[in-house]
Amino acid sequence: MTKIKSVCVYCGSSSRVDQVYKDAAVELGKTIAGQKWDVVYGGGRVGLMGLVADSALAAGSKVVGIIPRHIQAREIEHTDLTELHIVDSMHIRKQMMVDRADAFVILAGGLGTLDEFFELLTWKQLGLHDKPVVMVNINGYWTKMVEAIRFIANEKFMRDEDLGMFQVVNTVAEVPSALNSAPHERFDPSTKWI
Ligand code: AMP
């Protein structure tokens with residue numbers, strides 16, 4: 001199992017959300033820094049993304065941001081990061097975020113966060129990576145989505161075993177132990193329906 005050095009955080013870019021999500025973002029930055037892990041994220045200073053970055057930086061983490069040029073204006077890049085990469089496309093951003101991290105944390109977020117979460121799972125299902133994925137279910141935010149994924153397995157559009165591709169925790173405090181104990185199993189796509 002690879003020792004975790006760097007954790008990629010996916011979370012919302014909206015600043016209009018309830019304080020409970022903002023508090024979780026600040027706590028997550030601190031918690032990652034407390035483990036001496038680096039943070040990789042989307043590079044913006046808006047919403048939960050900015051809060052995670054600020055709190056990790058304040059607590060001594062290295063923070064690496066990766067932002068596509070065409071959304072730089074909308075998400076407003078964070079200018080105080082340890083490293084900021086301005087890249088040419090969303091695809092390059094997503095690939096770099098996956099390559100630079102040893103593990104992934106999904107906090108509350110919108111469609112962009114969902115897209116990133118599902119891409120992580122589909123890539124894992126195809127055997128393209130075997131890195132731990134932990135979803136933080138603050139305020140029950142992801143409960144309905146987790147139920148929907150279980151229903152997909154129940155209806156046999158995915159394998160029950162693949163439900164183990166991600167773990168769900170209810171608090172930020174549980175993130176380090178969940179990441180450290182996550183199984184590293186490389187999925188063999190050739191066995192998918194056998
Ligand atoms: P959101 O969860 O929608 O607030 O977005 C969180 C992050 O996901 C932001 O950095 C967005 O730029 C990014 N994002 C939005 N749409 C997509 C997409 N289709 N693919 C990948 N990332 C996205």
Side-chain angles (χ1 to χ4, degrees), residues 6-29 31-32 38-57 61-101 103-126 128-129 131-149 165-170 172 175:
S6 190
V7 173
C8 179
V9 177
Y10 296 112
C11 59
S13 54
S14 169
S15 299
R16 295 182 304 158
V17 301
D18 194 276
Q19 190 62 35
V20 70
Y21 303 113
K22 295 181 182 174
D23 291 347
V26 171
E27 191 188 346
L28 181 61
T31 301
I32 292 174
D38 298 344
V39 173
V40 175
Y41 85 115
R45 65 175 153 89
V46 290
L48 302 192
M49 298 171 68
L51 292 173
V52 171
D54 284 341
S55 106
L57 283 168
S61 263
K62 288 186 191 153
V63 179
V64 177
I66 305 166
I67 195 162
R69 208 176 302 283
H70 72 285
I71 60 165
Q72 193 183 350
R74 191 152 32 104
E75 292 186 6
I76 316 167
E77 79 275 19
H78 199 302
T79 47
D80 297 317
L81 302 177
T82 321
E83 283 176 41
L84 176 68
H85 299 270
I86 298 169
V87 298
D88 285 335
S89 73
M90 196 63 103
H91 286 104
I92 296 172
R93 175 205 233 183
K94 287 161 87 172
Q95 184 73 55
M96 251 179 109
M97 287 170 85
V98 171
D99 290 346
R100 292 282 308 245
F104 304 93
V105 177
I106 319 294
L107 207 54
L111 296 181
T113 304
L114 270 177
D115 176 90
E116 288 158 332
F117 171 64
F118 281 116
E119 187 164 88
L120 273 182
L121 294 192
T122 51
W123 287 13
K124 198 164 182 175
Q125 187 173 256
L126 293 171
L128 297 175
H129 77 87
K131 301 175 184 179
V133 179
V134 169
M135 167 169 266
V136 194
N137 191 24
I138 295 297
N139 199 31
Y141 182 75
W142 293 119
T143 299
K144 288 186 179 141
M145 206 204 51
V146 172
E147 279 169 16
I149 297 173
M165 291 191 300
F166 69 105
Q167 291 163 274
V168 183
V169 297
N170 291 324
V172 169
V175 167

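Numbering of ligands and ligand atoms starts at 1, following listing order. Everything quoted here is computed from the prediction, not taken from an experiment.
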Taking any residue with a non-hydrogen atom under 4.0 angstrom from an atom of ligand 1, which ones do you get?
Cys11, Gly12, Ser13, Met49, Ile71, Glu75, Met90, Arg93, Lys94, Gly109, Gly110, Leu111, Gly112, Thr113, Asp115, Glu116

Check side chain to side chain donor-acceptor pair (under 3.5 Å) between Asn137 and all other residues, then give those that pass, not counting sequence neighbours.
Thr143

Taking all non-hydrogen atoms of both residues into account, name the closest pair between Lys131 and Val98 and its distance.
NZ-O, 2.8 Å

Selection residues 11-20 - residue pairs positive for side chain to side chain donor-acceptor pair (under 3.5 Å), sequence neighbours left out:
Gln19-Asp23

The criterion is side chain to side chain contact (heavy atoms under 4.5 Å, CB included); which residues satisfy it with Ala25, sequence neighbours excluded?
Leu48, Leu51, Val52, Leu107

Within a reach of under 6.0 Å around NZ of Lys62, are more than 12 heavy atoms found that belong to other residues, nucleotides or ligands?
no

Quick one: which of Val9, Val39, Ile32, Asp38 gives a side chain to side chain contact (heavy atoms under 4.5 Å, CB included) with Val63?
Val39

